[in-house]
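Below is one structure, written out as structure tokens; comments come after it.
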Amino acid sequence: MAGAPSSYCFVAFPPATKNSHILFGKNSARPRDEVQEVLYVPSCNHEPGSKVQCTYLEIEQALRTHAVILSKPAWMWGAEMGANEHGVCIGNVAVTARQAASDSKLLLGMDLVRLGLERGTTAKDSVDVIVSLLEEHGQGGNHFEDESMALGFHSSFLIVDRAEAWVLETVGKFWAAEKITDGVKCLCNHLSLKTKIDMEHPELRSCAQSQGWWNEDKEFNFSEVFSEGGHGHDCPEKASEIPGEMMTAETIINILREKYSGVQSEAYITTASAVSVLPQNESSPCIHFFTGTPDPSRSVFKPFIFVEDVTVVPKAHSSTLRDESSDDGQTKWKHELYKSHEQALSLIEKDPEQGEKLMNTMHDLEKQGLEAMEDILNSAGSLDPAEVVDLFYDCVDTEIKFYK
């Protein structure tokens, strides 16, 4: 089975973080020419019995879906990572296992990310949503738009809120989950859960026994039992390599930029990145940063805060291009932010001196945004929604203007 893309996802808890914030970050490794859009979807009530079309499969819609902000491959319904209005963040990574992934067109791991965010008010809620849908519908189908690649994978999820995180790892419909409340936890492109399992599919162990992968004489180690080759792995970027104290959003951004070099390959690159700051104090807003562009070392992390009537950002959307076709018949997904960033990268390659000046300017702009968000988090007063309703829109618009 072909190797899974080397996405990198992690969470950090106090006291390793500044001001008792929980920090979440992810680099999304995808095919190098794939576009990701940053899409805000408002909360919505739905009629009983209504349906929702996911990437491949139509399923029953929930009566109410929460507002979400998603970083998603433009061609699919689901998302690589995102957050909801209740302070839940989810990222997933593709994994391989002893059991082959289904090629049937079922739910993708990315669909489950979006469904978990739209339907869960806490991290634990989202775990329950995902495993319920997994049991009912299963997971399967090509993870890529290009049918010539035709690759399917199982999924691991990192699901985080203001209080705790859950690592949920799946093999087909079978799953195991571990609750995390301290330290630093990393997820990469292989199964990682060991013997500490807080929840599991009721038939998980009997499945392993029936395949001859485990017997009751031995302690049950999820990744050893279900990984290819019969042994588990640790994430190459171990938690010990991550700074151990006073981490901030800027720290996480720098880590993702450093880790970018580890996911480049002929087939895959980091096509988008995200960072979230989740204050444990409910009176402070959660702040989510998205690039919407590839290569975090050459991208700007732009802040978003959930408030009523958030301004839509069509310059970071590909949905309006869905029905357009390029000369070769392929759907065009490049939104305005992506195209402007692409032109900037071309300038960097052609004129390194001018390119370096441009990126220094962009990173200075990013730093100003980080400092402004730090002021919001440190403020004793309540947030005025009018001050941030255009926040992500203005950041995207400013970035594009600088590129031009």
Side-chain angles (χ1 to χ4, degrees), residues 6-10 23-38 71 74 80-81 237 241-243 247-266 268-277 287-304 313 315-318 333-375 390-404:
S6 299
S7 291
Y8 176 67
C9 186
F10 72 100
L23 302 175
F24 167 88
K26 183 184 173 184
N27 276 343
S28 170
R30 298 286 302 172
R32 60 175 47 247
D33 59 350
E34 184 179 83
V35 178
Q36 283 201 35
E37 63 178 338
V38 180
S71 184
E80 279 281 292
M81 52 222 177
E237 294 83 8
E241 298 177 14
I242 295 175
M247 298 170 68
T248 64
E250 187 172 9
T251 312
I252 306 303
I253 288 170
N254 290 334
I255 291 170
L256 294 180
R257 285 177 170 149
E258 291 169 6
K259 299 305 180 188
Y260 168 68
S261 60
V263 303
Q264 294 183 85
S265 69
E266 185 175 337
Y268 306 122
I269 63 167
T270 295
T271 55
S273 302
V275 168
S276 291
V277 181
I287 302 178
H288 313 282
F289 298 84
F290 295 91
T291 61
T293 54
D295 184 353
S297 67
R298 296 176 175 181
S299 288
V300 178
F301 286 78
K302 298 165 283 292
F304 173 92
V313 188
K315 292 178 181 179
H317 292 176
S318 302
W333 297 114
K334 295 181 180 180
H335 47 74
E336 187 173 347
L337 173 62
Y338 184 97
K339 288 189 287 188
S340 298
H341 180 263
E342 192 173 43
Q343 292 169 358
L345 292 186
S346 178
L347 170 64
I348 291 171
E349 296 297 329
K350 292 177 182 177
D351 189 339
E353 185 176 344
Q354 281 297 109
E356 184 177 1
K357 288 181 180 178
L358 174 61
M359 290 317 304
N360 286 338
T361 300
M362 300 314 300
H363 287 163
D364 285 343
L365 181 68
E366 176 187 272
K367 190 171 183 64
Q368 292 174 27
L370 286 165
E371 291 172 351
M373 295 305 101
E374 189 73 15
D375 289 343
D390 297 322
L391 178 62
F392 192 71
Y393 180 96
D394 288 343
C395 289
V396 169
D397 195 53
T398 302
E399 181 178 349
I400 291 172
K401 286 177 180 176
F402 270 104
Y403 288 148
K404 293 179 176 179

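Being a predicted model, the structure only gives us computed values, none of them experimental. Both backbone and side-chain heavy atoms feed into the values below; hydrogens, waters and symmetry mates do not. In what follows, residues are counted from 1 in the order of the sequence shown.
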Give the C-alpha distance, both sets of side-chain angles, the deciding distance and a yes or no for side chain to side chain contact (heavy atoms under 4.5 Å, CB included) between Thr251 and Asn254. CA-CA 5 Å; Thr251 312; Asn254 290 334; 5.8 Å; no
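Residues Tyr268 and Pro31 are in side-chain contact: their nearest non-hydrogen atoms beyond the backbone lie under 4.5 Å apart. Counting heavy atoms from C-beta outward, Met373 and Val277 have side chains that stay 4.5 Å or more apart. Ile400 has its side chain within reach of Leu337: a pair of non-hydrogen atoms, C-beta onward, lies under 4.5 Å apart. Contact annotation: the side chain of Met247 approaches that of Ile255 to within less than 4.5 Å [non-hydrogen atoms, C-beta and beyond]. Looking only at side-chain heavy atoms (C-beta outward), Leu256 and Phe301 come within less than 4.5 Å of each other. Residues His335 and Val396 are not in side-chain contact: their nearest non-hydrogen atoms beyond the backbone lie 4.5 Å or more apart. You'll find the side chain of Phe402 stays beyond 4.5 Å of the side chain of Ser340, heavy atoms only. When side chains are defined from C-beta on, Tyr403 counts as touching Val300, because their heavy atoms get closer than 4.5 Å.
Residue pairs meeting the side-chain hydrogen bond (donor to acceptor under 3.5 Å, both in side chains) criterion with at least one member in residues 343-358, sequence neighbours excluded, are Arg298-Glu349.
Qualifying salt bridge (Lys or Arg N to Asp or Glu O under 4.0 Å) partners for Lys401, counting only residues two or more places apart in sequence or in other chains: Asp397. Evaluation of the side-chain contact (heavy atoms from CB on, under 4.5 Å) rule for Ser299 yields Thr291, Thr293, His341 as partners, not counting sequence neighbours.
A side chain to side chain donor-acceptor pair (under 3.5 Å) with Ser71 is found for exactly one of Gln36, Glu37, Lys26, His288, namely Gln36.
Atoms CD1 and CZ, from Ile252 and Phe289 in turn, are 11.0 Å apart once rounded to the nearest 0.5 Å. Taken from CZ in Arg257 to CG in Asp295, the straight-line distance is 9.0 Å, to the nearest 0.5 Å. Thr398 OG1 to Met362 CE: the interatomic distance, rounded to the nearest 0.5 Å, is 8.0 Å. How far CD of Glu366 is from CD of Glu399: 9.0 Å, rounded to the nearest 0.5 Å. Here the straight-line distance linking atom CD1 of Ile287 with atom CG of Leu370 works out to 9.5 Å at 0.5 Å rounding. For the atom pair Ser273 OG and Glu80 CD, the distance stands at 10.5 Å (nearest 0.5 Å).
In this structure, Ile269 and Pro294 approach most closely via the heavy-atom pair CD1-CB, 4.0 Å. The heavy-atom pair separating Gly355 from Ile348 by the smallest distance is CA-CG1, 3.6 Å.
Annotation for Tyr338: atom OH counts as buried by contact number, over 12 foreign heavy atoms lying within 6.0 Å.
Judged by distance alone, the side chain of His317 and the main-chain N or O of Glu336 form no donor-acceptor pair under 3.5 Å.
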